[in-house]
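Small disclaimer: the values here were computed from a predicted structure and weren't measured. Lettering of chains follows the sequences in order, A, B, ..., and the numbering in each one begins at 1.
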Number of protein chains: 2
Amino acid sequence: MNSLIEENYLKALFNMANEAGEVNVTELSRRLEIKMPTVTSMMKKLSDKKLVLYESYKPLRLSEKGKKEAGLIIRKHRLTEMFLVEKMHLGWEDVHDIAEQIEHIQSPVFFEKMDELLGYPKVDPHGSPIPDKSGKIVWKEYNKLSDCREGETAKLAAVINTSSDFLKFLNGREMRLGVKIKIRSIEPFDKSMVVSYGKRQAEVLSNVVCERILVEKEG
Amino acid sequence: MNSLIEENYLKALFNMANEAGEVNVTELSRRLEIKMPTVTSMMKKLSDKKLVLYESYKPLRLSEKGKKEAGLIIRKHRLTEMFLVEKMHLGWEDVHDIAEQIEHIQSPVFFEKMDELLGYPKVDPHGSPIPDKSGKIVWKEYNKLSDCREGETAKLAAVINTSSDFLKFLNGREMRLGVKIKIRSIEPFDKSMVVSYGKRQAEVLSNVVCERILVEKEG
DNA sequence: TAATTTTGTTAGATTAATCTAACTTATTAT
DNA sequence: ATAATAAGTTAGATTAATCTAACAAAATTA
Ligand SMILES: [Mn+2]
Ligand SMILES: [Mn+2]
Ligand SMILES: [Mn+2]
Ligand SMILES: [Mn+2]
């Protein structure tokens, strides 16, 4: 069994590889807020456990075993978030910190039950894919809202930034997964958009916001 | 904040005090399966934190602060067990090990929500009282089934032993909280009882079993 | 009361995870 | 190509939680 701490290293490696490709000691150290020598020694430990392929001065890589274990932790995290939103009626801005803890619970039956009660969901409340039981993730191809053009209509599929502040910002304008957004106009100067969706006829969204919203184009 | 390990010491102290009155180092050591010198040093640490009133060679006692913290952990444990049974449809024999982990989750809103969804339950799936938000327990006066007399009728209110084996034994004869048990006869030799309840007309229960069942006598 | 047994403490070692300081390797800039 | 900077490693210390071995106190038995 891996410790909670080892699990957090695996998860960070997995997520960072998906975000940025190559992961190095400096970045992992920054992400986990743990000093570099500590990270180095943990990499050696995880390498001994065949979870990480470690070579001095080389980029950090998870082994296949490491990817699987990481994927399964992320599966537990995202199933938990979905459960908290769907079955316990918490807001999507409130669930991450709880899932961060529950992801380390050791109990196959507990997470099986969650999955079953939720009807085997494929994505979490933020639109992120839930890894399958073998830890594999199927990535859907989404577009950034900021890459869409005037006149296009697109469905809000996921959010990139899942900070509580950003999610509350979206709450404040009734923006949730699934809303169909029509792009009325784009301001050339700052790339802000005027969009309509639901009952909102003309919401202005800055580029900073549009960069963090992923959509599925209609048609 | 207390560590998970400190929390487990507090909880053990609290539960043992309720079961046996005085708690000593030897017993706590046995319960936690941790060697005595380790227990001694943890008692000193918890004493520094004002959670335990520790004097060498004296019985171990929780401070008021320690009792409250322990009560609140047990509250989380029992709310979780109730949630797992009522909302996630797990068996009463399966929930303890999961609750043992979830009781350490730090998130007031998570447990508030559980409480609310359950309708503010007063007891857990095994009939044990759920401490209130200040960590206090209200004990109901129950009788052991083994102390009842021929002809009496009593409602199954709680189980003393919550081992999976015992609970499965009860499952096997459709014995659950709330069933009304009538004592048909008592065998003087081994104190085994013949009882009827629900659709069962003549179940034989050994004294070992009857000692572990708490009932509320019908007035 | 004295001897024996049980209970509890002290001392010192160990392990996991962390840190700082010093050093080395790799990359970037001049 | 050399110097300067950034990235990564090694060495050694620290903290929490554990252990074993040795010792001390308390309780029990003779
Ligand atoms: Mn999350
Ligand atoms: Mn985590
Ligand atoms: Mn329990
Ligand atoms: Mn516990």
Only counting residues at least two apart or in another chain, list the ones meeting side-chain hydrogen bond (donor to acceptor under 3.5 Å, both in side chains) with A:Glu64. A:Lys67
Taking atom types as modelled, is there a side-chain donor on B:Ser163 or B:Asp165 under 3.5 Å from an acceptor on the other? no
Carboxylate-amine/guanidinium contact A:Glu19 A:Arg31, below 4.0 Å: yes
Can you measure A:Tyr9 atom OH to C:dA16 atom P for me and round it to whole angstrom units? 14 Å
Protein proximity profile, nucleotides 19-27 of chain C - base contact B, sugar-phosphate-only contact S, no contact -, cut-off 4.0 Å on heavy atoms: BBB--BS--
Nearest-angstrom distance from the residue atom CD of B:Glu27 to P of C:dT6: 15 Å
Separation of B:His96 NE2 from B:Glu100 CD (nearest 0.5 Å): 4.0 Å
Value in whole Å for how far the P atom of D:dA6 lies from CZ of A:Arg30: 12 Å
Provide, to the nearest angstrom, the distance between the CG atom belonging to B:Leu46 and the C1' atom belonging to D:dA16. 12 Å
So, does A:Thr40 get its side chain near the phosphate of D:dT9, meaning an N or O under 4.0 Å from OP1 or OP2? yes
Return the value, rounded to whole Å, for the distance between atom CG of B:Asn24 and atom P of C:dG8. 4 Å
Taking CD1 from A:Ile5 and P from D:dA16, how many angstroms apart are they, rounded to a whole number? 14 Å
With sequence neighbours left out, the residues meeting side chain to side chain contact (heavy atoms under 4.5 Å, CB included) with B:Leu28 are B:Tyr9, B:Ala12, B:Leu13, B:Met16, B:Val23, B:Leu32, B:Val39, B:Met43, B:Leu60
Length of the line joining A:Lys58:NZ and D:dT9:C1', which is rounded to integer Å: 15 Å
Rounded to the nearest angstrom, tell me the gap between atom CG in A:Leu60 and atom C1' in D:dT9. 13 Å
Any side-chain donor paired with an acceptor under 3.5 Å for A:Trp92 and A:Asp124? no
